[in-house]
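Here's the structure, in C-alpha cells; my notes come after.
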Amino acid sequence: MLYARAITQAPFGQAVFVSAFFLLVVLLAPFPVAAAEVVGKVILSIGQNQAAGPDGQVRKLARKAEVYADDLLTTGKKGRLQVRFTDGSRLSLRSETEFKIAEYRFDAAEPTEGKAIYKLLKGGMRTLSGQIGKVDKEDYRLETTVATIGIRGTDFVIISKGTTVTGSVNSGEINVAGNEGARSENIVAGNSFVIQTQGAIQVFETPPSTETGEGSAEDGSSEEDTEESEESSESDESEASDDSEGTGDSDTAAESEGTAGEETAAGETTQEGADTTADAGTGDASAGGSSVSDDTGSVTLNIDAADVSGSDATLPATDPQLTTPPSDTVTESTEGRIPQAPNPTGNAVLAPEGSLVAVAFNSNESGSLKNANDAVKIEKRSAAMIDSKMVTGIRFVHSDSLSADACSPCLFTGSDSLSDVKDSGFISVGSSNVSWGRWDSGFEVVSNGVTLETSGSFSFMYTDSLTTAAEVAAVAGAKSGSYLYTFGQGSSLMTPPQIETGQTGTLIGYGDTSVAKESQLYNGTYMVIDWDTQTITETSVVAQVNDGTGVRTYSLIDSADTSLSSVLDGGEIGLSGTCYGGACTVVETETNMSGQMTVNLVGSQAEGAITSYGATGVMPDGTPATVSGTALLQDGGLAP
C-alpha cells in the first residue's frame, strides 16, 4: 500500500518511469532457490549444539529446530542431541560428536523409495531405525572412518575415535564391512564389536536378556521411566543453564506431540496427550546408563553412562569410548551364559563361570607410563578363552563402570601361537587348578575402544574355580590364629616381575636373606591371614630387576588390616614402599612407589591365593618406574 500511494501521488510521467524500473528489477532478479529439504526435528538439545549447512552457515540447534539434508551436526563438550527424522527413526548423539547427513530422501507416500546415507566423523551415536532400510537394507548406510554399516530394523550404538570404531547392537541386526576391501560381519542383537584401520573385526557375544533394560527399544517409556526422567530433568536443566557453553535449549521439558495410534520406529504406539520430560541423563548408574526420552513419550534412547556428559559428581572425568550392551540382566533362560572373548588361536574354550584371571602389564596412556594390574572374575559381563591351560583372550567389564578408568570393556588378545607364551606353569591347589604365563609378543590390549601402547609382556594367572564363600566360612571355623601365605626360595609359582622397560627379574620368596640394605633384611613376598578375624594383617612384595645400569630392589608393603571379604569381593590391598638401586637411586635419593595387590583364594580349604601386584613411582631424574607381575602364594601354616 505504501508503494501504491507513492505512485499515485507522483506526476503521470514519473509514475510510468518508476513502474517500468520496478518491472525491470523484478525481471532481472534471480529466481528464488528452492528451500532445503527438512529431514528431521530436534527433540532434545542440551549444551552447545549446532548444524552447518553446505553454504557454511551455522545454526544453533535448540529443541524443535529443523534439520536439513546435507547438514553437519556437531555437539559441544557437554552437549547431547536427539533428532527424530521424517521416516520415524531416532538419532542420539553424545558429546563432542560430528555427524553428517550426506544424503536423505523420504516420502511417506512411497516409503520404500527412501534413502539415507550418514557419516559419523567422530564421537558416538545411538539410533533406532525407521522406515528407510526396512524393505531394502541397501537404502541405509552409515559410514565411519574404518567401516561401513548397514541395517535391517535395528537399534545400535556406534563410537568412533581416531582409527578405531566400536559398537553394540541392542535389537535387530547390522552388517559391519571394513573399508579397503576388508571382510564384513553380521552383528546380531546383544553383541558388540571392535574394528580398526587394518579391518579386522572382533565380535563379542553377550547373553540376551528376556527382561528389557531401562530405555530399551522393546519397552518404550514406562510410567517409572517417565517419573524418573521428570525428576532428573529439573536438576539437569539447572546444570545445563549454568554451563559456560550454554544450554542450547533452556526448555528441556519436552511437550507431548504424540497422537493416538501413531506407530513409532520401535513399534510402540503413542498415546494422545502423553506428557513426558526429556531426561537430561542422570540415569541409574546401576543400570549402566542414562535415558533420554523424545517428545512423543514413546521411545527412550538409553546411552551408556560412560558415553554421556552429565554431572561431574557421578560420571568419570575421562570419557571411555566403548559402550557395553545396555542390559546384562541374568534370567533363568540365560543362566550360565557368559560373553565371548577374543579367540586368536581358534582352539580355545570359554572359561567357566566362577573362574578368574589375574593380569599385570605396563601401559602408556596419553604419554603417561604406568603399571596395570587387576583380577578378572568370569561372570555374565566378563569372559576369558583358555587354550592348553593358557589364557589367550579376555573381555573384562568392571562392575563399577563409573570409575574414571573403568573397563567397559577392556579386551586382551594374544597372538595366534602359544609359542609366544613364556615362563608358563601349571599346578593343582586343592580342588582348583592354577596356570600362569606371560605373553612376550604378538598381543594387543584395547581399553574402552583405545588400543594401548604397552611395554614388555602381559602376565596372567588363571584358576578354574575360586574358594567359595561357604568354604571360606568353613576354613575360618576350623582354623585359629594367623597363617602365612608365601612361596619358598627358588619357587617358580609366578610370572617374573617386570619393569617399565620390559625387563624382567626375580620375585623374592619369604625368608630370603640375600636381599639386604644397610643391615635391614626384607622378609620377601608373603601375606598373613588372621582366620580368627578373617583379615589380611600383613602384605609384602619384594622384587629385583636389573635395568641395565644396576639391580633395582622393589620393597612394597601394607601393614594395615584389610577385611578378607572386601578383597575377595573385588577390592584391592594398597601397597607403598621404595625402589632403590639401578636408575631408582641418584645420589642416595630413592624412588617412592605406590600401587596395589589383588588377592583371590583358591582351593576348597583356601590352600592358596592368586595375586597380581603393581606399583608406579617417579625416579629422581623425572622418569617413571614401574613393577608388576602375578604370584601364587600357598598356605605355609601358622605364621612365625
Side-chain angles (χ1 to χ4, degrees), residues 38-51 59-68 71-76 78-101 104 116 118 120 123-130 142 154-159 170 214-217 220-221 225-226 228-230 232-233 236-237 240 247-258 262 264-266 268 270 274 276-283 289-305 307-310 323 326:
V38 175
V39 301
K41 186 178 72 171
V42 174
I43 55 179
L44 180 140
S45 182
I46 295 177
Q48 190 175 37
N49 308 315
Q50 61 187 29
R59 314 184 311 277
K60 176 183 176 182
L61 289 179
R63 193 174 66 85
K64 297 186 179 181
E66 293 178 331
V67 175
Y68 303 97
D71 268 352
L72 173 63
L73 309 182
T74 305
T75 56
K78 293 187 176 182
R80 272 193 301 134
L81 184 72
Q82 279 199 24
V83 176
R84 182 178 65 225
F85 288 95
T86 56
D87 76 326
S89 60
R90 306 293 195 273
L91 171 71
S92 179
L93 301 181
R94 57 178 264 179
S95 60
E96 298 185 287
T97 293
E98 293 181 5
F99 182 90
K100 173 73 173 178
I101 306 173
Y104 185 98
Y118 304 120
L120 179 63
M125 56 165 279
R126 177 176 177 182
T127 184
L128 281 81
S129 59
L142 172 66
T154 299
D155 169 8
F156 66 96
V157 176
I158 301 294
I159 306 294
N170 304 325
E214 178 191 38
S216 67
S221 295
D225 293 332
T226 303
E228 180 181 353
S229 67
E230 288 174 346
S232 62
S233 176
D236 278 293
E237 284 182 322
T247 64
D249 181 12
S250 61
D251 183 18
T252 56
E255 299 172 3
S256 172
E257 296 178 9
E262 177 186 358
T264 69
E268 297 99 15
T270 64
T276 61
T277 303
D279 178 13
T282 57
S290 306
S291 63
V292 283
S293 304
D294 73 5
D295 53 1
T296 67
S298 59
V299 176
T300 300
L301 295 186
N302 185 38
I303 306 175
D304 186 82
D307 296 311
V308 297
S309 295
T323 60

Are [X] and [Y] close enough that some pair of their side-chain heavy atoms sits under 4.5 Å apart?
| X | Y | value |
| --- | --- | --- |
| Asp155 | Arg126 | yes |
| Gln50 | Lys60 | no |
| Ile43 | Val83 | no |
| Met125 | Leu142 | yes |

> For Tyr68, what residues pass the ring pair (Phe, Tyr, Trp, His ring centres under 6.0 Å) criterion, not counting sequence neighbours?
Replying inline: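 Residues passing ring pair (Phe, Tyr, Trp, His ring centres under 6.0 Å) with Tyr68: none at all.
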>> Can you list everything that forms a ring pair (Phe, Tyr, Trp, His ring centres under 6.0 Å) with Phe85? Sequence neighbours excluded, please.
In response: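 Only Tyr104, Tyr118 meet the ring pair (Phe, Tyr, Trp, His ring centres under 6.0 Å) criterion with Phe85.
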Rounded to the nearest 0.5 Å, what separation is found between the [atom1] atom of [X] and the [atom2] atom of [Y]?
| X | Y | atom1 | atom2 | answer |
| --- | --- | --- | --- | --- |
| Lys41 | Gln82 | NZ | CD | 13.0 Å |
| Ser92 | Leu44 | OG | CG | 8.0 Å |
| Leu61 | Gln48 | CG | CD | 11.0 Å |

> Does a side-chain N-to-carboxylate-O contact under 4.0 Å join Arg59 and Asp71?
Replying inline: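 A salt bridge links Arg59 with Asp71.
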> At their closest point, which heavy atom of Arg90 faces which heavy atom of Thr127, and how far apart are they?
Replying inline: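 Looking at all heavy atoms of both residues, the closest pair is O-OG1, 2.7 Å.
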> Taking all non-hydrogen atoms of both residues, which atom of Ser89 and which atom of Gly130 are closest, and how far apart?
Replying inline: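 In terms of heavy atoms, the two residues are closest at CB-N, 3.4 Å.
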>> I'd like to know if the side chain of Thr86 and the backbone of Gly40 have a donor-acceptor N/O pair within less than 3.5 Å.
In response: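 Side chain of Thr86 to backbone of Gly40, a donor-acceptor pair under 3.5 Å: no, none is there.
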>> My understanding is that only residues two or more places apart in sequence, or in another chain, count here; which of them pass side-chain contact (heavy atoms from CB on, under 4.5 Å) with Thr75?
In response: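 With neighbours one apart ignored, the set is Asn49, Leu81, Leu93, Thr97.
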